[in-house]
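As structure tokens, the structure follows; a few thoughts come after it.
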Amino acid sequence: MPRRTIYHAVTERLEILDEHGNIDPELDPHLTAEQLLALYRTMVRMRLFDQKGLNLQRQGRMGTWGSLQGQEASQAGMALAMEPQDWLTPSFREHGLMEAIGVPMRQIYAFWRGDGRGAIYPPHVNCLPQAVPVGTQFLHATGIGLALKKRGERAAVVGCGGDGATSEGDFHEAMNFAGVFQTNTVFFIQNNQWAISLPFNRQTASETIAQKAHAYGIPGIQVDGNDALAVYVASREALERARSGGGPTLIECLTYRLRDHTTADDHTRYRSADEVAEWQKRDPIDRMFAFLAGSGVWNDEREAALRTAINQEVEAEVEKFEQMSPPPPSDIFDYFYEVMPWNLKEQREQLLTEVARC
Amino acid sequence: MPRRTIYHAVTERLEILDEHGNIDPELDPHLTAEQLLALYRTMVRMRLFDQKGLNLQRQGRMGTWGSLQGQEASQAGMALAMEPQDWLTPSFREHGLMEAIGVPMRQIYAFWRGDGRGAIYPPHVNCLPQAVPVGTQFLHATGIGLALKKRGERAAVVGCGGDGATSEGDFHEAMNFAGVFQTNTVFFIQNNQWAISLPFNRQTASETIAQKAHAYGIPGIQVDGNDALAVYVASREALERARSGGGPTLIECLTYRLRDHTTADDHTRYRSADEVAEWQKRDPIDRMFAFLAGSGVWNDEREAALRTAINQEVEAEVEKFEQMSPPPPSDIFDYFYEVMPWNLKEQREQLLTEVARC
Amino acid sequence: MLRTEPITGNDRRVAPAEVPKTTRMTLVQAVTRALYEEMERDPTVLVLGQDVGKDGGVFRATEGLYEAFGAERVIDTPLAESGITGTAIGLAVAGFRPVAEIQFMGFVYLALNQFFCHAARLRNRSRGRYNVPMVLRMPYGGGIRPPEHHSESYEALFVATPGIKVVIPSTPYDAKGMLASAIRDNDPVLFLEPKRIYRAFREEVPVEPYTIPLGKANVVRVGKDVTLISYGAMMRPTLEAADAVARDGVSAEVVDLRTLAPVDVETLTASVAKTGRAVVVHEAPKTGGFGGEVTALLNERVLMHLEAPVQRVGGFDVAFPPALLEDYYLPHRARVVEAIRRTLSY
Amino acid sequence: MLRTEPITGNDRRVAPAEVPKTTRMTLVQAVTRALYEEMERDPTVLVLGQDVGKDGGVFRATEGLYEAFGAERVIDTPLAESGITGTAIGLAVAGFRPVAEIQFMGFVYLALNQFFCHAARLRNRSRGRYNVPMVLRMPYGGGIRPPEHHSESYEALFVATPGIKVVIPSTPYDAKGMLASAIRDNDPVLFLEPKRIYRAFREEVPVEPYTIPLGKANVVRVGKDVTLISYGAMMRPTLEAADAVARDGVSAEVVDLRTLAPVDVETLTASVAKTGRAVVVHEAPKTGGFGGEVTALLNERVLMHLEAPVQRVGGFDVAFPPALLEDYYLPHRARVVEAIRRTLSY
Ligand SMILES: Cc1ncc(C[n+]2csc(CCOP(=O)(O)OP(=O)(O)O)c2C)c(N)n1
Ligand SMILES: Cc1ncc(C[n+]2csc(CCOP(=O)(O)OP(=O)(O)O)c2C)c(N)n1
Ligand SMILES: [Mg+2]
Ligand SMILES: [Mg+2]
């Protein structure tokens, strides 16, 4: 070999639960039944809460809605691995993960209806508001991870994004800074194989997203994103490394978006029904159900009870959501600066006068 | 091994001439004596032309000057591999490469003195003006490479940048687009190990730049950037691939900037004399001299004659450079739009009146 | 409220000289049609951007182009705005005429460095050897109740940057003719499409290609008491305000700027010199918005004719608010009417 | 020509109330001193950027900080402006007060998306829960004959963007006091340093920390015939012009804006209401520049007092030219004098 190899590394993939719900005994993380059920409940809650969002939108009671269906294992697996002191910088499709770590559903519904108050989260939840400009929030995860590291906190930050988000320059800069400063950051990519109409193989020529970690000298791993156990194990490992000052990790969850990009989209324009059907067979919830049923801790009856209970919870949240008073017009101005400058004061006055007149 | 390997990342390094000028016979590209001497002459011309720029700057006859000394093998190796139909998108430190493919020295001197006319290149040279915003020109190389590919031209474009430039988001986006569209582009990184005061190991946590190619699914290679033969071989291979529609390549030349970043810099503030001395021993010109002298095609006498001839050439260029009339004030306006809008016409008139009055 | 009634009547003063066969189309259809015709005319015209191919664009502005011209000329790109713009610059330098789409103007900041530092400057930097005949087109403005970053109007930044033409049509007819001009222009053009009225109304548009020169405003209504100056989606509340004050006997002249850079200073000053009063309307925040530039031009050139301060009606100096509050933010008829009253009662 | 003579005399009308021990320093030294003092006062203050560490910054504005505070607080970053800004936002959200340096304003476009979409909006987006107490500081403007992209003045873009304070000092005294205020401010501040006068002159500056409130202009010379309005490096030709016309008996009032957003509209209007004439001077291109906003504010608020059009003296509407032509581009005393004459003879 005349050319000398100077870099040699591999990218690995982790799968624990197969498509039929069979577990790899060697890799079994040995979660307690309680943990397993919590994981499952979280996934089902995501599905039903999300479906309600779609229904509300269809009924004209909601703005746009970007469904996460198909990605429940990814979001629930990460949620289970996170600890209360950890931070989250979500993109626009992480409402499942956000809800799982403590953001009330009604807030998320409100956000998507176009109510700024939807971004009010409970004080104990360290979560930035959803970021709409794709990929730009990764840098906040780098900065927060650097802050945590500087203060020596045993905490990590999870920076979320999709396959499309990895094409933005900010993803690159965030990964590179995180590598150089060894920040307490986990880059969590849900590769659902589509960025609106662009399939993954036109998004990048690299075979995986996980291998992009080689460009930054940090660990990267691909997991089966429809396998909640695999996601949990990889997330726990990466979070633990980050919390203990071991630096950043890139996690790629290979999963699939089962629905339209958002309610403004029509996915039949660009992808085949066959492809969707193929992935429907790999539904992350079905898989977990099969596993739990196989382990004897779950059955159809319990499932029915769970769904009833969650639907009640969702309906209760919807009720609160729909009872929210409209935001006052002054909200446009009131949170913009610590001290309101003269021009905003004048304009606020002008608007309130106008509103009073009508 | 419970986790399945899904990607093997291997990055290679190419060296042909060792530090003492000994050639690896297996890798010898078997250049003709004429080619070898042309390569050597080009390197020496770069050195003397560059040194003259530094001298002119010291004498106040020049603006800023960014020396390329130490990087002659990288730039000459690539220049030899380029063909007339190929394109170049240079950064600010490629004046050696530019001169080697046909840009007159006087133009480059003029550019650095702050004369817009310095960016006038001979019509047969496909070269964009030097780009100052670091890393942003890579995207032009992607676009030009895409244009060449669309037209089915047997031509490639060389996109240049330094180690620092690889940190910019535009580098990432350019590499990614080039990978997806399989453009006729060669990304040519001179890793001179410093970006002003930032050493390479603080620029990125990846061990090499070449391995960043794994993030884009394209070939990447590191070459000894002080070995003109290695650079030539890697460049020829990459250019050939690009010209024939085989897609982009990332080449990292591992080299060293022997001088200050620019004449506005003082490199002793941030790096040790020892380090510089160490690299001075690996001077690319000395190495090539040793090789040529060892092959019997070169000696001190010929060297002296060559230097005299080149110095004369440089002086002749300097003379033409210094005889350039000052650019007319109207130049500020005259090249900005195809059709000058009313505001520029008014302002041009205003300036010319003002100038006439003084 | 999102007003979707069509503007009644054709307010254009000057009808196209010879009107060939026409067909009724919306503004977004006119955009698509211009792209189609220019791609047909000139094989170097390319379209690139996110979802512009099979999907036909998130607003369907490129619908049918992929089917007509194929993936080589209608290029779905990875998700990167600087990448789209910089690649388009390379294509343009090397002989193509790329029309790059940014999905929403709220994401254009990511493209600014390429557009401002390179597209706008390469001709000058190379002393005329290289030029960048590209169009950067995108929907802008509010009114459709989307999430954050989908309603922005950043035109002032482009007007402040030399080397770029800034075009904002307000009608299907103008959209088609001006996009054709923008594509044929040998310098970079920013082409902003008022998404709020993409489908708000239809008008008769010639089916054959035609161009409308850039840099020429359109006096869409002749009047004598006050000049209303606007562009894009704000033409609708502006015209509604003109109607409203007409009922009180106020004769408003209405100027649709259409091109912001270079702005048609002659039409502007001629109108205000005649009426003595001016109101400029845009939806971008008032402070730092294009209204300041218009005011300054009028101040410099026709101050002696001004009988009252130029009134600026703009958005508020905050980020475009979430959907539930956007009606409070966007300038509407009543605000324009109030500004007209202010200038008349000065 | 690059003028390096100091402005003679101290034109500041109001001296700091109690002047403690002072020392003579240049503007760039005042910047360094403010950074040093604030880092000493508050352990959450961090400095980050390219070459800000060992090298002390390409203009030596961070000289000595690395030695004093170490690599944990004076952070050399990789070469990426969006990365610097976005990382600073994350640091700020999580409890630090980052002062991020962009090496030259010509490279700030790369940072705009982070600064405009996130730094400026996070407080509002989170309804006050998160704020971004960061400073983005950088040298701006012409006069030092560097290569392209090293002389730019893009302040108008920031003024057009809600959520950001824009500060441009013109003296060492102001630089120190306003940078301290900027760092202590709980919202993002753009701090622009006129590199042309980084070392042009020294003045007495208190050695103790002090602050100068943001949003307050400074009337540096009282007059009655015309108000000259400027900021940053353009204060020098403006003051020179005031001197020049004084010899002809014209009494010019000179306002140093110091903060462009929020601009001190009271001081501005009070001065122009008094003098009836105004000239605004900046080096950014005239079209779309901050002069338009100033003109519009004066037009709206004191039109009845205006005896002549507000005169804008700006750079030309082109990219900042290469070094050999920059003297033709930059506004200088004679151009300001001419504008004063124009307004007086109107
Ligand atoms: C900077 C930016 N560009 C474009 C968009 C419009 N847009 C919203 S989501 C999206 C696709 C995102 O794809 P991906 O990152 O894979 O996430 P997914 O939607 O699949 O969850 C696009 C193009 C945006 N929000 N931000
Ligand atoms: C976008 C941008 N940021 C900062 C600079 C200032 N700058 C000029 S050269 C340079 C370092 C470049 O380093 P590298 O890419 O390694 O190239 P080298 O100078 O070593 O050839 C910097 C920071 C710039 N020109 N452009
Ligand atoms: Mg996706
Ligand atoms: Mg370097």
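Proteins come first, then strands; the chains are lettered A, B, ... in the order of their sequence lines, and each starts at number 1. The model shown is predicted, which means the values in this text are computed figures rather than measured ones.
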message: For Thr166(A) and His172(B): C-alpha separation, side-chain torsions, deciding distance, then whether side chain to side chain contact (heavy atoms under 4.5 Å, CB included) applies.
response: CA-CA 10 Å; Thr166(A) 67; His172(B) 174 73; 5.6 Å; no

- prompt: Between Val180(A) and Arg202(B), is a side chain to side chain contact (heavy atoms under 4.5 Å, CB included) present by the stated rule, with each step listed?
  reply: CA-CA 6 Å; Val180(A) 166; Arg202(B) 304 293 302 163; 4.3 Å; yes

Side chain to side chain contact (heavy atoms under 4.5 Å, CB included) evaluation trace for Ile6(B) with Glu12(A): CA-CA 5 Å; Ile6(B) 51 170; Glu12(A) 291 178 341; 5.8 Å; no

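Contact record, Ala215(B) with Ser206(A): O-CB, 3.3 Å, taken as the closest heavy-atom pair. Here the closest heavy-atom approach between residue Ser167(B) and residue Asn176(A) is recorded as OG-ND2, 3.2 Å.
Chain A forms more heavy-atom pairs under 4.5 Å with one residue of Glu237(B), Met175(B), Gln182(B) than with any other, namely Glu237(B). Contact tally against chain B (heavy-atom pairs below 4.5 Å) for Gln203(A), His8(A), Gln222(A), Glu207(A): the top residue is His8(A).
At a 4.5 Å heavy-atom cutoff, the contact between Thr208(B) and chain A is made by side-chain atoms alone. For Phe177(B), no part lies near chain A; criterion is any non-hydrogen pair under 4.5 Å. For Ile221(B), the part lying under 4.5 angstrom from a heavy atom of chain A is the side chain only.
For the pair Gln211(A) (side chain) and His214(B) (backbone), a donor-acceptor distance under 3.5 Å is present. Although no hydrogens or angles enter the test, the distance criterion places no donor-acceptor pair under 3.5 Å between the side chain of Asp170(B) and the main chain of Gly169(A).
Within the 4.5 Å cutoff, the side chain of Val233(A) has heavy atoms near those of the Arg3(B) side chain.
A salt bridge links Glu15(B) and Arg4(A); the closest N-O separation between the charged side-chain nitrogens and carboxylate oxygens is under 4.0 Å.
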